[in-house]
Amino acid sequence: MQYDFNSIEKKWQEYWAKNQTFKAQNNSEKEKFYVLDMFPYPSGAGLHVGHPLGYIASDIYARYKRHKGFNVLHPQGYDSFGLPAEQYAIQTGQHPAVTTEKNITTYRRQLDQLGFSFDWSREVRTSNPKYYKWTQWIFIQLFNSWYNKDSDKAEAITDLVSVFEKEGNSSIHAVCDDDVSNFSAAEWNAFSEKEKQETLLKYRLTYLAESEVNWCPALGTVLANDEIVNGVSERGGHPVVRKKMTQWSMRITAYAQRLLDGLQKVDWPQPLKDSQTNWIGRSVGASVSFKVKGSDKEISVFTTRPDTIFGVSFMTLAPEHDLVQQITTAEQKEAVETYIEATAKRSERERMADVKTISGAFTGAYAEHPFTKESIPIWIGDYVLAGYGTGAVMSVPCGDQRDYDFAKHFGIDIPNIFKDVDISEEAFADKENTVIANSDFLNDLPYKEATKKAIAELEKLGQGEGKINYRLRDAVFSRQRYWGEPFPVYYDADGLPHMIEEQYLPITLPEVDKYLPTETGEPPLGNATEWAWDTAANKVVSNGKIDNETVFSLDLNTMPGWAGSSQYFNRYMDPHNDEEIFSQEAINYWQDVDLYIGGSEHATGHLLYSRFWQKFMFDKGLVPKDEFAKKLINQGMITGTSAFAKRVGYQIVVLADYLDSLSNEEKENVKLINDKYSIIKDRYLSEGIVKKMRVSYRKVDNKEQEEHNKLVEKIDKFLIEPIGRDIEKMGLSGKVVIDNGLRSYFRTHVLVDLVNASDELDVEGFKKWRPEYAEAVFIGEDGEIIEEGNGKFIVGREIEKMSKSKFNVVNPDAICEEYGADSLRLYEMFLGPLEQSKPWNTAGITGVHSFLKKLWRLYHSGADGAFEVSEAEPSKDSWKTLHKTIKKVEEDIENFSFNTTVSTFMICVNELSGQKCISKAVLEPLAILVSPYAPHIAEELWQKLGHEESISEAPFPKFEEKYLVESSKEYPISFNGKMRFKLELPLDMSKEEIESTVMAHEKTQSQLQGRTPKKVIVVPGKIVNIVG
RNA sequence: GCUCGAGUGGUGGAAUUGGUAGACACGUUGGACUUAAAAUCCAAUGGCCAUUAUGGCCGUAUGGGUUCAAGUCCCAUCUCGAGUACCA
């Protein structure tokens, strides 16, 4: 009987669905285990082979834990709000809900065919009102909370109000806006309702504030810092500018320290922890305030080096600093204004790119040194950023290279305050070796003591204090988009926000006739005619009724992408609960995620915001753990095309008609595949035997051309960026030639000289070809090295994006059809370590596929391949094979070393085949071992072995040491550390006996050639080393 | 620039505490079966040298070091990748 994977896989997928095999119960005698994948955004392109990698790994682990007797929660859902569906809606007018639904159907079909053991009864979708009701609910909870520094947790805003009523705000230590001024109880009580609400807004954990935001005109929305890469939007690569807008913000900065501390107790990858740590950016130092001479103004700065305070020779303000206008003297006004104008013209990006040019202007004003009372000139310079610290620095040129360069450039004094250090060439920034000099009371102190002392003295003067500064900013939470969660917020006549009561949630998205901003520039929700809140009827009503008495306007923004993903892991525990976000019973049973698998690109986005909300939920007593995931693994990316050429070796297609120009020697190394194409042996290519190469193009059809032109319109040139480290080594220069990946479609052939070409491809040429099916072909400097790779080179940003459609060619559907889901699962694991990025190449899949066929044959040794196993006792060798496999598989799964497990299976099956083992006693446990990896074939074999229940709950085989006990060992005998021969010796032999046996051996004697060894090292059970 | 990670055959990758480098697989080459192809099976496969067989030398980015023994530990250098960037 053949291994008919198609019907087997279909059969078991239907069985699992019908029997709800993987449905998890919220209470059980068994220990719980929660395995979670980062839920996908259902894009229109469907799943590509890179997607399932993490899902396969988590599925293996989940299935393994079931075999180990755990009650496993392994849910899946969709992060279904997002930009692509909205942009598609703008183009086509189709409602995003419709396209999203359609995409989800495709995703579900694709996920199902891979045989995942998800509990689909718990599916969540962030765009489902029943789900986002709870996203809105959390928003309201945050609004109703403030952060108390004394208890170091979030507390109810009502408690804060009662303190204000009794004692004002002087005893309150809160994380709040900087501009909160002190008020007494009497003053508070005298506040108007409007004043009270405005004040409270400065304390709430989500607050409305006019803030400078990253505005992306092309997308028509605000972006968070983590949505911007190199000054352009992460999606689409559009320019981003700064703009002032009134926005909801999340006071994540309140949790900065706890977010740092929490990293200590989770088992997450170090690089990810590092990038969160960097993102939070804690720096310890002091705030110092400098009086401005001849004025009542003060300039506050943050410094990490208060010990260098006597080295201050000037101050620098960011050009945008509030005080600049006020302190600039009449004589300097023109210079300052010219400078400000010049910097304003330069984009943020230009400013960052151009670090070397030093520029600035003197304001004419002076500050007073807190200790020496000397005058310090105040400058402005764009090397000081408005957005960090206070936007002003005390400049210590001898201790900071940027200050040093600035001082040199403008001829400002550079006093030296370091003992025995030469600062004539550059600044001295080495804290550890610092000894202070020329600094009054700080003289002869090292860095640490000097810092302490300086802060103490500043405190005495009331001009400074120790301070910890964080780079982390509050997160802007409003987006000017349609396809997101609406805010449960309406505004009164004063423009003050009010939360809609919980019982009236969810506030569902209104219908709009177009998804673009309104003509007056309001967000898309401004197009809705039915978008006002009736406080009497407690429902959404027509805009026409707004009277600011009972009917008010609703917020026109929606929440950002990360809103829906910041608590979804907890919602899975009790996903159908309409009364609560989740029951306490459910959360207390499941607690937290035991294993979370997903991409590292979420390091400073989703994973930071989720931790923030989890800590907030913890403060509110809603969840028992303040970190939501104990262990996290970042699966590597499967790069669809990038290193393809590397992987296939340098297998090159040469046009047959080109062969004529080859020398005889070259021709010998070229094999004709048909009258048009031939393959050069890879090694001959790397040796440089083939000298030149032709390149082939395919013309595109009209439809392809049309789609492509749309993209081309947006760009005016393409930069060629070779990736991968081989390129330079190969002495390649030149440009990419666009080609198709489907050799059978080649029609036009063009020989391109790559050496002399510029590295820009003109748009006209580009328009003619389909870049997403690019093959790049290179000719080396002397014409001797040639390389071709399927998409080995990416062409600018747009191509990178387009190449996603390339993945459609390698989508899992085709592979499942040809080799089966079990083969795909095994293959993706076999490619390499889970956490490592690796290129996709279908070539190797035959290896794992033939392994599955061998496995199948092991159970089908009867006539004509009929199923047959024997009740006979297995041989000693077979027992040994089985048990060493059990041991290795178990260890590997626990270590997430899934690639080596697949090797282990192969070795096991090869050995058992060699032993002609057909004993049930071995084959039965083997099926269980394989089942997490290749569940369909395992179920089928399990059933054939006579079981009626699914294999999924079968206990994992128990490893028994006794089968591995050996009586002898083949010792490697080495001479000076190099293994020369092997010798079989009993394991119970003593050290001395081993030594004498080895020394007596004739091979030892022939190695020594009469010399007497200096020393003989014997490590029993391991090795013998003879030192001569 | 800074932080972190990595560098092993033609390719993906093994080597768990310092103890037989290259497991397993792809690819390649040769062979069996076949009218042929596919599938399957067998053998070889790090490089160089030698051979009737046995064998020898080199080899884990480079240069040093520690050790009886180093892919693994230490120092320096080079290269690649990821993150971050005038962060005061």
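Proteins come first, then strands; the chains are lettered A, B, ... in the order of their sequence lines, and each starts at number 1.
Among the heavy atoms of the strands lying under 4.0 Å from A:Lys982 is at least one base atom, whether or not backbone atoms are also near.
Across B:C41, B:G13, B:C24, the shortest atom-to-atom separation from the side chain of A:Ser903 is found for B:C24. For A:Asp274, taking side-chain heavy atoms from C-beta onward, the closest of the listed nucleotides B:C4, B:U20, B:A23 is B:C4.
Contact annotation: A:Gln836 side-chain N/O to B:G13 OP1/OP2 distance is under 4.0 Å. OP1 or OP2 of B:A85 lies within a sub-4.0 Å distance of a side-chain N or O belonging to A:Arg471. Distances shown here put a side-chain N or O of A:Ser283 below 4.0 Å from the OP1 or OP2 atom of B:A88. Residue A:Arg857 places at least one side-chain N or O closer than 4.0 Å to OP1 or OP2 of B:C41.
Taking atom P in both B:A38 and B:A53, one finds a spacing of 34 Å when rounded to whole Å.
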Sugar-phosphate means primed atoms, P, OP1 and OP2; the rest is base. With that split, encode nucleotides 51-71 of chain B 5' to 3' as B, S or - using protein heavy atoms under 4.0 Å. -----SS----------BS--
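Ring geometry for A:Trp379 against A:Phe410 counts as tilted: the plane angle lies between 30° and 60°, on a 0 to 90° scale.
Side-chain contact between A:Glu426 and A:Gln401: present, with at least one pair of heavy atoms (C-beta onward) separated by less than 4.5 Å.
Partner of A:Leu317 under the side-chain contact (heavy atoms from CB on, under 4.5 Å) criterion, out of A:Val393, A:Val301, A:Ile378: A:Ile378 alone.
At a non-hydrogen distance threshold of 4.0 Å, A:Glu891, A:Asn899 from residues 891-899 of chain A come into contact with RNA chain B.
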Base-pair map of RNA chain B as dot-bracket, where | denotes pairing with a different strand and pairs are Watson-Crick or G-U under 3.5 Å: (((((((..(((......[....)))((((((.......))))))((((.....))))..(((((..]....))))))))))))....
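Along RNA chain B, the nucleotide nearest to A:Asp400 and the one nearest to A:Thr846 differ in position, and the one closer to the 5' end is contacted by A:Thr846.
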CA sep, side-chain torsions, deciding dist, call: A:His860, A:Tyr3, ring-ring contact (aromatic ring centres under 6.0 Å, His included): CA-CA 10 Å; A:His860 293 80; A:Tyr3 166 44; 9.2 Å; no
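Regarding A:Trp856, its CH2 atom lies at a distance of 20 Å from the P atom of B:A39, rounded to whole Å. Atom P of nucleotide B:C87 and atom CZ of A:Phe302 are separated by 13 Å, given to the nearest angstrom.
Side chain A:Lys273 to base B:U3: no donor-acceptor pair is found below 3.5 Å.
Annotation: ring-ring contact (aromatic ring centres under 6.0 Å, His included) contacts of A:Tyr447 (sequence neighbours excluded): none. A search for salt bridge (Lys or Arg N to Asp or Glu O under 4.0 Å) contacts involving A:Asp274 returns nothing, not counting sequence neighbours.
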Quick one: which protein N/O atoms are closer than 3.5 Å to N/O atoms of nucleotides 43-50 of chain B? Pair and distance per line, please.
none

